[in-house]
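First the structure, in the form of structure tokens, and then the observations on it.
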Amino acid sequence: MRRLTLNLFTMAKAKKSIPAKKEKLSVVTPSGKKENSFFEQVYEVARQIPRGRVTSYGAIAFCLGTKLSARMVGWAMNGAGQVKPKVPAHRVVNRNGMLSGKHHFGGNTMQKLLEKEGIKVKNDTVVDFEKKFWDPSDQLF
DNA sequence: CGCCTGACGAAAC
DNA sequence: GGTTTCGCCAGGC
């Protein structure tokens with residue numbers, strides 16, 4: 001298990017060396033600011049997540065070059081529901097595949113959305129997380 | 001202007 | 001191997 005997790009993370013790392021240059025975005029940050037910032041980058045990446053797939057905060061952060069700030073990614077999702085182009089925040093979970101954000105969706109909305117996309121959720125955790133995992137780095141190319 | 005908090009993650013105990 | 005602590009960075013108070 002751990003090895004698998006390690007693998008997928010390693011995978012992300014392997015793909016590293018990616019410039020990860022995402023700019024000129026105009027989205028509204030949680031605070032209401034309309035400027036290019038870390039948040040918009042997160043939103044954009046999140047929006048790239050294919051239906052039926054999931055990714056982790058850390059992966060996104062990594063993709064943006066701020067892997068040490070996975071927290072910011074998660075926090076950025078806080079405003080995901082406010083931005084116009086809907087951001088599939090429900091497809092973003094923590095590195096364990098756990099729906100850590102379901103609490104913010106209210107009830108089990110998050111889980112329902114995921115299951116609707118064919119993702120099985122058990123005990124607030126994505127089943128076969130590794131298989132459903134989508135590397136944000138892919139969309140950079 | 002400084003302190004606390006936060007949808008994470010990884011190292012240290 | 002489970003639990004606690006710290007780091008990161010931006011925003012709220």
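Proteins get letters first, then strands, A, B, ... in listed order; numbering begins at 1 in each.
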Can you tell which of dA7(B), dC8(C), dA10(C) lies closest to the side chain of F39(A)?
dA10(C)
Only counting residues at least two apart or in another chain, list the ones meeting salt bridge (charged side-chain N to carboxylate O under 4.0 Å, His left out) with D124(A).
K102(A)
Out of dC9(C), dA10(B), dC8(B), minimum distance to the side chain of R95(A) belongs to dA10(B)
N78(A) atom CG is separated from dG11(C) atom P, nearest whole Å, by 12 Å
Value in whole Å for how far the C1' atom of dC8(C) lies from CD1 of I60(A)
16 Å
How far does the P atom of dT5(C) sit from the matching atom of dC4(B), given to the nearest Å?
16 Å
If I take atom CE in residue M98(A) and atom P in nucleotide dA7(B), what distance separates them, rounded to the nearest angstrom?
12 Å
Between dC8(B) (C1') and M72(A) (CE): distance, integer Å
9 Å
Specify the separation, in whole Å, of atom OH of Y57(A) and atom C1' of dC8(C).
17 Å
Ignoring backbone atoms, test whether R71(A) places a side-chain nitrogen or oxygen under 4.0 Å from the OP1 or OP2 oxygen of dA10(C).
no
Rounded to the nearest angstrom, tell me the gap between atom NZ in K67(A) and atom C1' in dC6(C).
16 Å
Measure CG/N96(A) against C1'/dG9(B) and give the value in whole Å, please.
9 Å
Pairwise salt bridge (charged side-chain N to carboxylate O under 4.0 Å, His left out) hits with a residue in residues 53-66 of chain A, at least two apart
none
Which value, in whole Å, describes the distance between the P atoms of nucleotides dC1(B) and dC8(C)?
23 Å
Residues Q48(A) and E44(A): side-chain donor-acceptor under 3.5 angstrom
no
Just checking K131(A): does its NZ atom have more than 12 heavy atoms from other residues, nucleotides or ligands closer to it than 6.0 angstrom?
no
If you only use heavy atoms from C-beta on, which nucleotide in dG9(B), dC8(C), dA7(B) is closest to the side chain of L68(A)?
dC8(C)
Going by atom types only, do E117(A) and H90(A) share a side-chain donor-acceptor pair under 3.5 Å?
yes
Whole Å only: how far is the CG atom of N94(A) from the P atom of dG6(B)?
16 Å
Please classify the nucleic acid contact of A61(A) as base, sugar-phosphate, or nothing, using heavy-atom distances under 4.0 Å.
nothing
